[in-house]
J.: 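The structure is given below, and queries will be raised subsequently.
Note that these values count all heavy atoms, side chains included, but never hydrogens, waters or copies made by symmetry.
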Amino acid sequence: MSKLKRTHTSGQLRITDVKSGVTLVGWVSSVRDHGGLIFIDLRDRYGITQVVFNPNRGKEFYETAGQLRPEYVVAIKGVVSARPEGTVNLNLDTGEIEVYADTLEILNKSETPPFEIEDESKVSLELRLKHRYLDLRRSAMQKRLIFRHKVCQTIREYLDSLNFVDIETPVLTKSTPEGARDYLVPSRVNLGKFYALPQSPQLFKQILMVAGYDRYFQIVRCFRDEDLRAQRQPEFTQMDMEMSFVDENDIIQVIEGLMSTIFDKVVGKKITTPFPRLSYREAMSSYGCDAPDLRFGMRLKDVSDIVQRSDFKVFLDTIKSGGQVRGINANGCGNYSRKDIDDLTAFVGQFGAKGLAWFKVEENGLSSSITKFFPAETQEKLQRHMEHERAICSFLLPISPRWFPSRLRNSVFILARRTNLLIPAYSTFHGL
RNA sequence: GGGGCCGUAGCUCAAUUGGUUAGAGUACCAGACUGUCGAUCUGGAUGUUGCGGGUUCGAGUCCCGUCGGCCUCGCCA
């Protein structure tokens with residue numbers, strides 16, 4: 001046990017603390033040995049403080065300082081000092097000061113880590129997971145976990161203020177198949193039988209409602225035994241809630257309040273409520289999806305009636321079989337090369353799109369490899385209907401009745417991401 | 001479960017058509033240096049080319065198998 005007791009964190013000291021005696025504890029982030037003077041960056045989850053070792057403080061002390069290596073855990077006692085002119089580091093919150101050490105204790109040495117502890121990790125995910133305790137030392141990771149913590153904390157405070165009760169429900173239960181496969185846990189007591197882990201806690205909250213806990217919530221693990229994908233994990237967390245004696249509007253208001261509180265308290269952004277509201281019909285026809293992503297404006301316009309007056313077989317067949325042709329005004333793709341469009345076509349093909357027809361607006365009207373199939377009148381209508389302007393590209397997707405709802409939005413999303421049309425989430429609430 | 005890509009120094013990656021002793025940056029080690037903060041300078045050490053088999057005069061490179069990873073489709077609210 002160290003005799004040194006931490007008095008401050010490494011993110012805490014400011015110019016106003018100059019001349020204070022302090023003790024810091026943390027990880028050595030970097031060592032800069034100048035022979036006659038050693039600087040180290042001392043890191044903890046609160047920040048980084050520069051510590052200076054001067055040989056005048058004693059030979060033995062200075063030799064110990066010379067042994068320091070990255071990731072050593074050390075305790076340092078010293079005096080806060082204003083940095084000399086010209087050596088202030090504006091990148092650090094503590095950059096106006098440094099600590100002149102007079103006592104150094106190595107609490108734990110470290111082997112050379114398998115990768116460097118940097119903000120930008122250039123290391124494979126595999127290696128990061130193998131040495132997770134090192135990966136989690138990176139401030140980028142610490143910020144994520146702390147952000148998550150703050151979101152949960154804010155949810156609890158907000159819902160508590162509205163009389164919601166946080167109640168845990170059982171995890172080892174019986175199977176209540178929903179669609180995803182259940183995770184199974186063998187029972188020791190009942191041989192040959194299994195528990196199922198909940199895909200989500202929906203079952204028990206009904207009991208709570210009936211029992212009179214009219215406002216319940218839970219931040220809870222859910223388990224679904226399905227194959228992994230990018231952005232999908234077998235276990236994940238949901239905020240689950242249930243209310244009695246309410247109507248649709250009450251629910252929407254509670255959620256809107258929750259979201260704006262989270263953005264306000266955690267992100268520091270004010271968002272306005274109520275949020276834009278769409279009917280199911282409107283969402284499906286404009287975005288092809290019951291939960292549209294409003295970060296980009298690519299609405300799907302039905303152009304079936306217009307393109308019906310053409311000789312383009314793919315479109316005609318699609319319509320004849322009960323499908324539709326929908327257009328996306330791809331503002332920003334006007335300069336796309338033939339190859340860019342081919343790439344996109346291949347990409348949406350993965351989602352089951354039969355093709356990606358395209359038109360560009362140029363001086364003399366529409367240009368495309370398939371304009372010859374479309375009479376001038378149709379082209380004109382198309383251009384007007386798609387609100388086409390110069391140098392804008394449109395994509396037309398033939399949509400079979402079976403393919404339409406589920407995967408289309410994915411294609412559109414990819415289009416948007418590829419064409420840099422995504423905007424930060426909070427802008428949505430400003431009506432952008 | 002199907003398809004694609006990848007596996008080389010601690011890490012990130014290179015290595016021409018199959019050709020001599022597998023390289024670079026960084027990390028690491030040693031030395032120098034009193035104002036650095038991606039410190040700098042000089043020098044040094046570092047490999048079962050994932051594993052097993054095959055083709056070949058010769059394999060990091062080609063073929064087969066296997067293990068691991070990433071992406072993707074199916075699946076999944």
J.: Considering Watson-Crick and G-U wobble pairs with both distances under 3.5 Å, what does B:G18 pair with?
T.: none
J.: Are any of the side-chain nitrogens in A:Asp240 or A:Lys205 under 4.0 Å away from the carboxylate oxygens of its partner?
T.: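 Counted as a salt bridge, because a side-chain N and a carboxylate O are separated by less than 4.0 Å.
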J.: Please determine whether a side-chain nitrogen of the Lys or Arg among A:Glu71 and A:Arg43 lies less than 4.0 Å from a carboxylate oxygen of the Asp or Glu.
T.: yes
J.: Test your reading of the model: is there a side-chain donor-acceptor pair from A:Asp160 to the backbone of A:Asn163, 3.5 Å cut-off?
T.: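 Flag not set: sc A:Asp160 to bb A:Asn163 has no pair under 3.5 Å.
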J.: Taking only Lys NZ, Arg NE, NH1 and NH2, and the carboxylate oxygens of Asp or Glu, determine whether A:Asp182 and A:Arg224 approach each other closer than 4.0 Å.
T.: no
J.: Paired with B:G1: which nucleotide, if any, by Watson-Crick or G-U wobble criteria at under 3.5 Å for both distances?
T.: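 Because both required distances fall under 3.5 Å, B:G1 counts as paired with B:C73.
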J.: Of A:Leu129 and A:Glu226, whose nearest nucleotide on RNA chain B comes first from the 5' end?
T.: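 That would be A:Leu129.
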J.: Charged N to carboxylate O under 4.0 angstrom, A:Arg181 versus A:Glu226?
T.: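 A salt bridge is present here (some side-chain N lies under 4.0 Å from a carboxylate O).
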J.: I'd like to know if A:Arg132 pairs up with A:Asp135 as an ion pair, taking the criterion as any Lys NZ or Arg NE/NH1/NH2 lying under 4.0 Å from an Asp or Glu carboxylate oxygen.
T.: yes
J.: Over how many whole Å does the gap from A:Tyr62 atom OH to B:C33 atom P extend?
T.: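 After rounding, the reported distance stands at 10 Å.
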J.: Base, sugar-phosphate or nothing for A:Glu98? Non-hydrogen atoms, less than 4.0 Å.
T.: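 Since a base atom lies under 4.0 Å of A:Glu98, the category is base.
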J.: Are A:Asp264 and A:Lys269 within salt-bridge range, i.e. N to O under 4.0 Å?
T.: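 No salt bridge links A:Asp264 with A:Lys269.
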J.: Partner of B:U26 by Watson-Crick or G-U wobble geometry, both contacts under 3.5 Å, or none?
T.: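 Pairing partner: B:G10.
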J.: Let me know the distance between CG of A:Leu127 and P of B:U12, rounded to the nearest Å.
T.: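 Spelled out: CG on A:Leu127 to P on B:U12 is 6 Å.
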J.: Pick the C1' atom in B:G1 and in B:C76, then give their distance to the nearest Å.
T.: 14 Å
J.: If you only use heavy atoms from C-beta on, which nucleotide in B:A27, B:G69, B:U34 is closest to the side chain of A:Asn56?
T.: B:U34
J.: Looking only at atom P, what distance separates B:U36 and B:C41, rounded to whole Å?
T.: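 B:U36 and B:C41 have their P atoms separated by 14 Å.
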J.: Write down the distance separating the P atoms in B:A45 and B:G52, rounded off to the nearest Å.
T.: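 Their P atoms lie roughly 29 Å apart.
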J.: Side chain of A:Val123, heavy atoms from C-beta onward: which of B:U12, B:C76, B:G69 has the nearest atom to it?
T.: B:U12
J.: Of all the nucleotides listed (B:A77, B:C75, B:U34), which has the minimum atom distance to the side chain of A:Arg181?
T.: B:C75
J.: Between A:Arg69 and B:C29, is there a contact of a side-chain N or O with OP1 or OP2 at under 4.0 Å?
T.: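 Checking B:C29 against A:Arg69, a side-chain N or O does come within under 4.0 Å of OP1 or OP2.
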J.: At under 4.0 Å, does any side-chain N or O of A:Ser124 touch on OP1 or OP2 of B:U12?
T.: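 Yes, because at least one side-chain N or O of A:Ser124 sits under 4.0 Å from OP1 or OP2 of B:U12.
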J.: Check nucleotides 37-39 of chain B against the protein and report each pair of N or O atoms closer than 3.5 Å, with its distance, or say if there are none.
T.:
unit_1: B:C37; atom_1: O4'; unit_2: A:Arg32; atom_2: NE; d: 3.0
unit_1: B:C37; atom_1: O2; unit_2: A:Asn89; atom_2: ND2; d: 2.9
unit_1: B:C37; atom_1: N3; unit_2: A:Arg83; atom_2: NH1; d: 2.7
unit_1: B:C37; atom_1: N4; unit_2: A:Arg83; atom_2: NH1; d: 3.3
unit_1: B:C37; atom_1: N4; unit_2: A:Thr87; atom_2: O; d: 2.4
unit_1: B:A39; atom_1: N6; unit_2: A:Asp33; atom_2: O; d: 2.6

J.: Whole Å only: how far is the CG atom of A:Asp225 from the P atom of B:A77?
T.: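 Nearest whole value for this atom pair: 12 Å.
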J.: Is the shortest distance from a Lys or Arg side-chain nitrogen in A:Lys265 or A:Glu157 to a carboxylate oxygen in the other one below 4.0 Å?
T.: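 Salt bridge flag = yes for A:Glu157 with A:Lys265.
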J.: Specify the separation, in whole Å, of atom CG of A:Leu134 and atom P of B:G10.
T.: 17 Å
J.: For A:Arg138 and B:C11, what is the distance between atoms CZ and P respectively, to the nearest whole Å?
T.: 16 Å
J.: Any base atoms under 4.0 Å from A:Ile38, or only sugar-phosphate, or nothing? Heavy atoms, all strands.
T.: nothing
J.: At 4.0 Å (heavy atoms only), tell me whether A:Pro114 reaches a base, stays on the sugar-phosphate, or touches nothing.
T.: sugar-phosphate
J.: Taking atom C1' in both B:C57 and B:C11, what distance in whole Å separates the two?
T.: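 Here B:C57 and B:C11 have their C1' atoms 37 Å from each other.
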J.: Take A:Ile76 and A:Ile40 through the side-chain contact (heavy atoms from CB on, under 4.5 Å) test and state the conclusion after the steps.
T.: CA-CA 11 Å; A:Ile76 284 153; A:Ile40 68 163; 3.8 Å; yes
J.: Tell me which nucleotide, if any, is Watson-Crick or G-U wobble paired with B:C37 when both distances must be under 3.5 Å.
T.: none
J.: Between A:Glu111 (CD) and B:C11 (C1'), how many Å, whole number?
T.: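 Between C1' of B:C11 and CD of A:Glu111: 16 Å.
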J.: Return the value, rounded to whole Å, for the distance between atom CD1 of A:Ile40 and atom P of B:U34.
T.: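 After rounding, the reported distance stands at 19 Å.
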J.: If you find the nucleotide of RNA chain B closest to A:Glu116 and the one closest to A:Asn54, which residue's nucleotide is nearer the 5' end?
T.: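 So the residue in question is A:Glu116.
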J.: For A:Pro70, report the nucleic acid contact type (base, sugar-phosphate, nothing); a contact means any heavy atom under 4.0 Å.
T.: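 If one applies the 4.0 Å heavy-atom cut-off, A:Pro70 turns out to touch the sugar-phosphate alone, with no base involved.
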J.: For A:Phe115 and B:A9, give me the distance from atom CZ to atom C1', rounded to whole Å.
T.: 18 Å
